[in-house]
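All chains are named by letter (A, B, ...) in the order of the sequence lines, taking the proteins before the strands, and each is independently numbered beginning at 1.
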There are 2 protein chains.
Amino acid sequence: MPTTLTIGKLGQASGVNIETIRYYERNGLLPSPTRSSSGYRHYREDDVKRLRFIRRGRELGFGLEEIRSLLQLTDQPQQPCDTADQLVQKHMAEVDARIRDLQAIRAALGQLAGCQSQTAEHCRLLEALEERDCCIKSGHVPD
Amino acid sequence: MPTTLTIGKLGQASGVNIETIRYYERNGLLPSPTRSSSGYRHYREDDVKRLRFIRRGRELGFGLEEIRSLLQLTDQPQQPCDTADQLVQKHMAEVDARIRDLQAIRAALGQLAGCQSQTAEHCRLLEALEERDCCIKSGHVPD
DNA sequence: GCTAAACCCTGTAGCCGCTACAGGGTCAAG
DNA sequence: CTTGACCCTGTAGCGGCTACAGGGTTTAGC
Ligand SMILES: [Zn+2]
Ligand SMILES: [Zn+2]
Ligand SMILES: [Zn+2]
Ligand SMILES: [Zn+2]
């Protein structure tokens, strides 16, 4: 049982791509690990936890800056957590807004699906995008 | 009533940002317009329509490549429109998937909102991201 | 001991769809 | 004739990765 991990093992253990791990290091989300004499990175178990933290944050849709401030908070357990809670609220509102936008898009697409025309001339989608008042408004029905 | 438009007027008429118009031209979505002797772009009414087409496509969430192929189709009214219809189906499935993902995120966030703890140590969000079995699993209730 | 595969390193560039400059030239109103 | 609004090109940045190229290192098998 090794006490340190190479970047490949860390990737496996955390479920994060190797290139992404290096990217996080460059961006200061993951501390620079110790290096072997030949320059290989060597990680500790803590780094697995930290990476998994980041990954779950990403899965919830948080941005890297938000995750950065959450990570900072975990290092100071006695600090008040209202910034974290505000982050949840703000993010939840954004998610709600995106869902609403997508549902509007989805509804519009539903109107355009199931085109009966065979040709572009009276295609539902194209008429809608061109704002042509043909089949939809004038009641023309394609063969 | 001018027969040609400068890029600024085109932007106003179409609701598309000037920089975006030039970007579309670079990417071949909008044909290169004629130029005045001093190099200014001069657009025709058709270009307004084309830009509005692109804008509505974007509002429905289509990518520029998809819009490019739809634009091609509008120039050939006798062509079959099945590629357009398949595009709608495919895109609608993507939107549905995206909505489902966001709803899962939204539900997870709902569980994490309304944290009662005052400190980071027992913050709902942080415990969840750290996968710590504290308040949630062990039933510990913060003050 | 040697070779081949599997791993690691740095640095750079690409993805999408814009947006924002910097550093110039041009045109119209007063 | 100046001022300000417009226009031009070219380049770089956003977020969050991902994919090389072109090297060096370690490890397993023979
Ligand atoms: Zn029609
Ligand atoms: Zn159709
Ligand atoms: Zn707790
Ligand atoms: Zn909290």
Side-chain angles (χ1 to χ4, degrees), chain A residues 2 4-30 32-43 47 50-71 87 90-91 94-95 98 101 105, chain B residues 2 4-30 32-43 47 50-71 91 94-95 98 101 105:
Chain A
T4 64
L5 304 157
T6 61
I7 196 169
K9 299 294 176 191
L10 177 63
Q12 284 185 328
S14 63
V16 176
N17 187 312
I18 293 178
E19 317 258 25
T20 307
I21 294 173
R22 288 196 278 249
Y23 170 75
Y24 288 162
E25 182 184 335
R26 277 201 300 283
N27 282 35
L29 278 171
L30 202 62
S32 298
T34 57
R35 300 279 187 140
S36 73
S37 53
S38 58
Y40 281 28
R41 290 169 177 83
H42 285 299
Y43 294 96
D47 296 317
R50 199 172 174 94
L51 260 185
R52 294 174 70 87
F53 184 103
I54 296 171
R55 186 165 68 84
R56 278 186 298 273
R58 291 292 300 132
E59 284 168 359
L60 287 175
F62 288 106
L64 295 185
E65 283 312 311
E66 293 171 320
I67 291 171
R68 187 198 306 281
S69 69
L70 292 174
L71 280 168
L87 228 53
K90 175 169 148 282
H91 187 47
E94 288 165 1
V95 170
R98 300 247 306 288
D101 288 353
I105 287 174
Chain B
T4 64
L5 304 157
T6 62
I7 195 169
K9 298 295 176 191
L10 176 63
Q12 285 185 327
S14 63
V16 176
N17 188 311
I18 293 178
E19 317 257 26
T20 306
I21 295 173
R22 287 196 278 250
Y23 171 75
Y24 288 161
E25 182 184 336
R26 276 200 302 281
N27 282 34
L29 278 171
L30 201 62
S32 299
T34 58
R35 301 279 188 138
S36 72
S37 54
S38 57
Y40 282 27
R41 290 170 177 83
H42 285 298
Y43 294 96
D47 296 317
R50 198 171 174 96
L51 261 184
R52 294 175 70 88
F53 184 103
I54 297 171
R55 186 164 70 82
R56 278 187 296 273
R58 292 291 300 132
E59 284 167 359
L60 287 176
F62 288 106
L64 295 186
E65 283 312 310
E66 294 172 318
I67 291 171
R68 188 197 308 279
S69 70
L70 292 173
L71 279 168
H91 186 48
E94 288 165 1
V95 170
R98 191 97 194 82
D101 288 352
I105 288 175

Taking any heavy-atom pair under 4.0 Å as a contact, classify B:Thr6: base, sugar-phosphate, or nothing.
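Counting heavy atoms under 4.0 Å across all strands, the contact made by B:Thr6 is with sugar-phosphate only.
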For B:Arg22, report the nucleic acid contact type (base, sugar-phosphate, nothing); a contact means any heavy atom under 4.0 Å.
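Base: the residue B:Arg22, judged by heavy atoms under 4.0 Å, touches a nucleobase.
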Closest non-hydrogen contact found for A:Arg68 with A:Asn27 is NH1-O, 3.0 Å
Determine the minimum heavy-atom distance between B:Arg50 and B:Leu29, stating which atoms define it.
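Closest approach of B:Arg50 to B:Leu29: NE-O, 2.9 Å.
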Contact between [X] and [Y] at the side-chain level, heavy atoms closer than 4.5 Å - yes or no?
X: B:His42; Y: B:Pro33; value: no
X: B:Ile54; Y: B:Leu71; value: yes
X: A:Leu64; Y: A:Tyr24; value: yes
X: B:Asp47; Y: B:Leu5; value: no
X: A:Leu51; Y: A:Tyr43; value: no
X: A:Tyr23; Y: A:Asn17; value: no

Do A:Glu59 and A:Arg56 sit within salt-bridge range, that is, some charged N less than 4.0 Å from a carboxylate O?
no
Is the shortest side-chain N/O distance from B:Tyr23 to OP1 or OP2 of C:dC16 below 4.0 Å?
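No, B:Tyr23 has no side-chain N/O under 4.0 Å of OP1/OP2 on C:dC16.
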Do the side-chain N or O atoms of A:Ser38 get closer than 4.0 angstrom to the phosphate oxygens (OP1, OP2) of C:dC8?
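For A:Ser38, the contact criterion (side-chain N or O under 4.0 Å from OP1 or OP2 of C:dC8) is not met.
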What is the separation between atom [atom1] on [X] and atom [atom2] on [N], rounded to the nearest whole Å?
X: A:Gln12; N: C:dC8; atom1: CD; atom2: C1'; value: 14 Å
X: B:Leu30; N: C:dG17; atom1: CG; atom2: C1'; value: 15 Å
X: B:Asn27; N: C:dC15; atom1: CG; atom2: P; value: 10 Å
X: A:Ile21; N: C:dC7; atom1: CD1; atom2: P; value: 14 Å
X: B:Arg35; N: C:dG25; atom1: CZ; atom2: P; value: 17 Å
X: B:Glu25; N: C:dC18; atom1: CD; atom2: P; value: 15 Å
X: B:Ile7; N: C:dT19; atom1: CD1; atom2: C1'; value: 14 Å

For B:Ser37 and for A:Gly39, locate the closest nucleotide of DNA chain C by heavy-atom distance; then report the residue assigned to the nucleotide nearer the 5' terminus.
A:Gly39
Going 5' to 3' along DNA chain D, which are the first and last nucleotides with any atom under 4.0 Å from a heavy atom of chain A?
D:dG16 to D:dT26
First encountered from the 5' end of DNA chain D, between B:Lys9 and B:Arg26:
B:Lys9
Closest nucleotide of DNA chain D for B:Glu19 versus for A:Tyr40: which of these residues is on the 5' side?
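Looking at DNA chain D, the more 5' nearest nucleotide goes with B:Glu19.
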Of all of residues 54-65 of chain A, which get a heavy atom below 4.0 angstrom from DNA chain D, listed by number?
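Per residue number, the list reads A:Arg58, A:Gly63, A:Leu64.
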